[in-house]
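Below is one structure, written out as structure tokens, with a few remarks after it.
In the text below, chain A, chain B and the rest are named by the order of the sequence lines, each starting its count at 1.
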2 protein chains.
Amino acid sequence: MVTRAETAAATRRALVRAASELLDEGGTDAVTLRAVGARAGVSRGAPYGHFENKERLLARLTVDAWNSLADEVERLRAVPGRPGSRLERAVLALVGISRRRPHLYALMFSTPADTPEAAAAARRLERAFLAIVADVVGEADSLRYGALLMSSAHGIAGLERTGHLAEEKWRISGDQLVSMLIDGIVRSGARNTGSARGMAPG
Amino acid sequence: MVTRAETAAATRRALVRAASELLDEGGTDAVTLRAVGARAGVSRGAPYGHFENKERLLARLTVDAWNSLADEVERLRAVPGRPGSRLERAVLALVGISRRRPHLYALMFSTPADTPEAAAAARRLERAFLAIVADVVGEADSLRYGALLMSSAHGIAGLERTGHLAEEKWRISGDQLVSMLIDGIVRSGARNTGSARGMAPG
DNA sequence: TCGTTCGTATGACAATGTCACACGAACGAC
DNA sequence: GTCGTTCGTGTGACATTGTCATACGAACGA
């Protein structure tokens, strides 16, 4: 027995899946509503029954990606080990999705989190990440170091993705850059515990 | 007297200028060959007499931007003052162009420097930037710190541009993040002069 | 002076996002 | 069980855009 709601939900899932695959395979240009419909087994106009327009469909992909990344970072919080190594893994998680799914990553950060759903997903990730940062530098400085690490991770991911961080040229890998940052922060945090105030105050 | 070569060169300049303006005003979507031609006072097909296709026209914009940024950083090298403050200004120059011309910046870093001209322009910027970095951390570590600062600057610029680094949320500005980085590097460089090896070795 | 060259204008075409409209089956009320 | 309704879907149509083929026309060189 197939209710109408069930088939509609299945179609919607198929559309999202098709768009996700097409994005990974050929970038944003390859995500055509006609191609999405074809891969999902429906016509070119069917997506408009589920998404206001193409932009909304792509926004759905980014929200899912934000949430999936938030899941990953939240799980990381429970991993045993030194806080510094957890933090390093969290930063590498951000860089990792850019490596595994570059087109999706570019899409995630090509636009502000303009829908409430996207904002909530982004907040989830930020909160999970900040908790891991706080375990290293303390609550008071978690925002500053969190912003710094997120920015750097984003930059490393971006430059890697476009080949501007080629290791032959800079003699250093993205992973090593992350290590530099983490070690510098851990060390500065260890130098003046108590106030937990490394580097320069704003 | 207007020779044919002169008018052609003028048209080409007008096309580049029109494309640049349209990019700043409305982003990549607004850069339509028809709109470019109209603003330049020629027809929609005229650009094909000067550029292989739309992509090449946009590539011209990015090469000019890379070179202009390289000029700026090269000039910075001669500014008197402490090396650390010069370095900070150089990093802020990278972030600055993203603030002044966000669409152009996004375009610059949306693609690898695939033409020889683009690669040369990018190399100019990197070389100028590395010289300023070397004045602070020494020649031996300039590559690692240069890569780190460029990545971080790129990330700050990117997150700022898409609103993901909103100051109300993170309680810190992009400029302050740059300060944190510079101060941390200057301080770690001062801590162990001689080997000039701050933070963790790769 | 005359044929050539080359920048430009125009027509045309395919691809794409989007809307209006029509069909048809699942659905709910009786 | 019947019937009008709802809603997901398919299809035709249109504007926009990148791109190419072709034609025109003025500057150029012999």
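For the pair A:His50 and D:dC7, the criterion of a side-chain N or O lying under 4.0 Å from OP1 or OP2 is not met. In terms of phosphate contacts, B:Ser43 brings no side-chain nitrogen or oxygen within less than 4.0 Å of OP1 or OP2 of C:dT10. The phosphate of D:dT9 (OP1 or OP2) has a side-chain N or O of A:Thr11 nearer than 4.0 angstrom.
Remark: C1' of C:dT10 and CZ of B:Arg34 are 11 Å apart, rounded to the nearest angstrom. Look at CG on A:Asn53: it is 11 Å from P on C:dG17, rounded to the nearest Å. Rounded to whole angstrom, the span from the CG atom of B:Leu33 across to the P atom of C:dT8 amounts to 14 Å. Between the CD atom of A:Glu55 and the C1' atom of C:dT18 there is a distance of 14 Å, given to the nearest Å. One can place CZ of A:Phe51 at 16 Å from C1' of C:dT18, the figure rounded to the nearest angstrom. The CG atom of B:Leu15 sits 13 Å away from the P atom of D:dG18 (whole-angstrom rounding). Atom CD of B:Glu52 is separated from atom P of C:dG7 by 15 Å (rounded to the nearest Å). Rounded to whole Å, atom P of D:dG12 lies 17 Å from atom OH of A:Tyr48.
Mapping A:Asp29 and A:Gly45 onto DNA chain C by nearest heavy atom places A:Asp29 closer to the 5' end of the strand.
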What one-letter contact string describes nucleotides 24-30 of chain D from 5' to 3', where B marks a base within less than 4.0 Å of any protein heavy atom, S marks contact via sugar-phosphate atoms alone, and - marks no contact? --BBS--
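Rounding to the nearest 0.5 Å places CG of A:Leu181 at 10.0 Å from CD of A:Glu88.
Ring pair A:Phe109/A:Trp66: centre-to-centre distance below 6.0 Å.
Note on A:Asp71 versus A:Arg75: no salt bridge recorded, every NZ/NE/NH1/NH2 to OD/OE distance being 4.0 Å or above.
Residue contacts shown for B:Val36 are absent, as no nucleic acid heavy atom lies under 4.0 Å away.
Taking 3.5 Å as the limit, the base of C:dG11 and the side chain of B:Arg44 contain a donor-acceptor pair of atoms between them.
Between the B:Ser151 side chain and the B:Ala147 main chain, a donor and an acceptor come within less than 3.5 Å of each other.
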For A:His154 and A:Leu94: C-alpha separation, side-chain torsions, deciding distance, then whether side-chain contact (heavy atoms from CB on, under 4.5 Å) applies. CA-CA 7 Å; A:His154 180 58; A:Leu94 303 187; over 6 Å; no
Using the rule given for salt bridge (charged side-chain N to carboxylate O under 4.0 Å, His left out), can you reason through A:Glu21 versus A:Arg17, listing the C-alpha separation, both sets of side-chain angles and the distance that settles it, and then say yes or no? CA-CA 6 Å; A:Glu21 292 175 0; A:Arg17 181 185 195 82; 3.4 Å; yes
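D:dG29: Watson-Crick or G-U partner is C:dC2, with both key distances under 3.5 Å. Figure legend. C:dT18 is base-paired to D:dA13; pairs are counted as Watson-Crick or G-U wobble with both atom distances under 3.5 Å.
Heavy-atom neighbours of A:Glu25 CD from other residues, nucleotides or ligands within 6.0 Å: above the threshold of 12.
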